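First the structure, in the form of structure tokens, and then the observations on it.
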Amino acid sequence: MADAEQARRVYAGETMSQRIQRRRTTLIDAAIAVVADRGWRQLTVERVCESAGLIRRYFYESFADLDAITEAMIDTVADQLLTLVVRNDLDAPRDELIHTMVGEVVEYGIENPAHVRVLFGEMSSTTAAAQRRLAAIGRIVQILAADGRTIHHADDPMIDLAASLLVNGSTATLLDWLDGKIAISERQFIDDLAALWLLVTEGAIAQLARRSGPR
């Protein structure tokens, strides 16, 4: 009862629960910044707290250890990207659907380059983190493949192949473009990447048609 009352107590306009959640978010953002700037091997509790401007006690208030905050980082970025990949307008023309989604993902990468590097850049330094990241990327691939099955009324491994190719290939390409290795404008990058998505998608559809046609 006392704990519940304390959690509801307001200080500076926030309850204790709200303050804990705010500090947790600040720590996750700080950890993402550390990894993006220094790499996974430089991720330590001390560096996260320094970047967040918080003492160690507040780190352990939300996270048991580095593995716990690593999982939270990866899940946070994956969830944000999933909101862009999951579409509610699957009946829209294919080229418009693809162009809109690609454009939103690229804009996310421009606004949050550190987040993109955490999920798709340098490999994590621990087995647990690497497995979590692979699982997060796998979730994005599965969502894209599920949309493909819904749109094309088909259930074939070709759809999984195309989804994996598009997600993994596009994210690596996005990182190259953000790093200046592909010297084209934002608009051209979005247009060209969306065009390649459309080519792969239509190629997969054609292959499915050939596979299901008369032999």
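Note that this is a predicted model, so its numbers are computed, not measured.
Looking at F59 and I69, their side chains come closer than 4.5 Å, going by heavy atoms from C-beta outward. Using a 4.5 Å cut-off on side-chain heavy atoms (C-beta onward), V45 and Y60 make contact. Taking 4.5 Å as the limit, every side-chain heavy atom of E186 sits out of range of all side-chain heavy atoms of D191. Taking 4.5 Å as the limit, some side-chain heavy atom of R139 sits within range of a side-chain heavy atom of L82. Annotation: side chain of N112 is not in contact with side chain of V116 (no heavy-atom distance under 4.5 Å). Contact check for F63 versus V48: no side-chain heavy atoms found under the 4.5 Å cut-off.
Separation of atoms CG (L208) and CG (D156) is listed at 5.0 Å; rounding is to 0.5 Å. D75 contributes atom CG, which lies 13.5 Å from atom CZ of R133 (distance to the nearest 0.5 angstrom). The CD1 atom of I137 sits 5.0 Å away from the CZ atom of F120 when rounded to the nearest 0.5 Å. With rounding to the nearest 0.5 Å, the separation of CD1 in I140 from CG in L81 is 5.0 Å. Here the straight-line distance linking atom CG of D155 with atom CZ of R149 works out to 4.5 Å at 0.5 Å rounding. Atom-to-atom distance recorded for I190:CD1 and E107:CD is 5.0 Å, nearest 0.5 angstrom.
We find that D179 and R117 are joined by a salt bridge, their nearest charged nitrogen and carboxylate oxygen being less than 4.0 Å apart. By the 4.0 Å N-to-carboxylate-O rule, R24 lies too far from D29 to be salt-bridged with it. Between R132 and D67 no salt bridge is recorded (no basic side-chain N to carboxylate O distance below 4.0 Å).
Residues V141 and D160 share a closest heavy-atom pair of CG1-O, 4.4 Å. Nearest heavy atoms, A33 versus S51: CB-OG, 4.5 Å. A136 approaches L119 most closely through the heavy-atom pair CB-CD1, 4.0 Å. Across all non-hydrogen atoms, the minimal contact from V105 to L84 is CA-CD1, 4.0 Å. Between I159 and A145, the shortest heavy-atom contact is CG2-O, 3.4 Å.
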Practice problem: List the steps and the verdict of side chain to side chain contact (heavy atoms under 4.5 Å, CB included) for T173 and F189. | Solution: CA-CA 10 Å; T173 304; F189 181 70; 3.9 Å; yes
Practice problem: Please lay out, stage by stage, how E46 and R56 fare under the test side chain to side chain contact (heavy atoms under 4.5 Å, CB included). | Solution: CA-CA 7 Å; E46 290 77 11; R56 289 171 62 98; 2.4 Å; yes
Practice problem: Could you walk me through whether I55 and C49 pass the side chain to side chain contact (heavy atoms under 4.5 Å, CB included) test, one step at a time? | Solution: CA-CA 6 Å; I55 60 176; C49 291; over 6 Å; no
Practice problem: Could you check I184 against W177 for side chain to side chain contact (heavy atoms under 4.5 Å, CB included), going step by step and ending with a plain yes or no? | Solution: CA-CA 8 Å; I184 57 177; W177 180 72; 4.0 Å; yes
Quiz prompt | Working for salt bridge (charged side-chain N to carboxylate O under 4.0 Å, His left out), residues D37 and R47 | solution = CA-CA 11 Å; D37 292 342; R47 288 196 176 100; over 6 Å; no
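E61 is linked by a side chain to side chain donor-acceptor pair (under 3.5 Å) to R23, counting only residues two or more places apart in sequence or in another chain.
Between the T83 side chain and the Q80 main chain, a donor and an acceptor come within less than 3.5 Å of each other. Remark: side-chain polar atoms of S164 are not paired, donor with acceptor, to backbone N or O of L161 under 3.5 angstrom. Counting only distance, with no hydrogens or angles, the side chain of E96 and the backbone of P93 share no donor-acceptor pair below 3.5 Å. Remark: the backbone N or O of Q21 is paired with a side-chain donor or acceptor of T25 at under 3.5 angstrom.
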Name the atoms and distances for all side-chain donor-acceptor pairs under 3.5 Å in residues 192-206, with sequence neighbours left out.
residue: D192; atom: OD2; partner: Q188; partner atom: NE2; Å: 3.3
residue: W197; atom: NE1; partner: S170; partner atom: OG; Å: 2.7
residue: T201; atom: OG1; partner: W197; partner atom: O; Å: 2.8

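Taken together through direct or relayed side-chain contacts under 4.5 Å among Ile, Leu, Val, Met, Phe, Trp and Tyr, L134 and I143 form parts of separate hydrophobic clusters.
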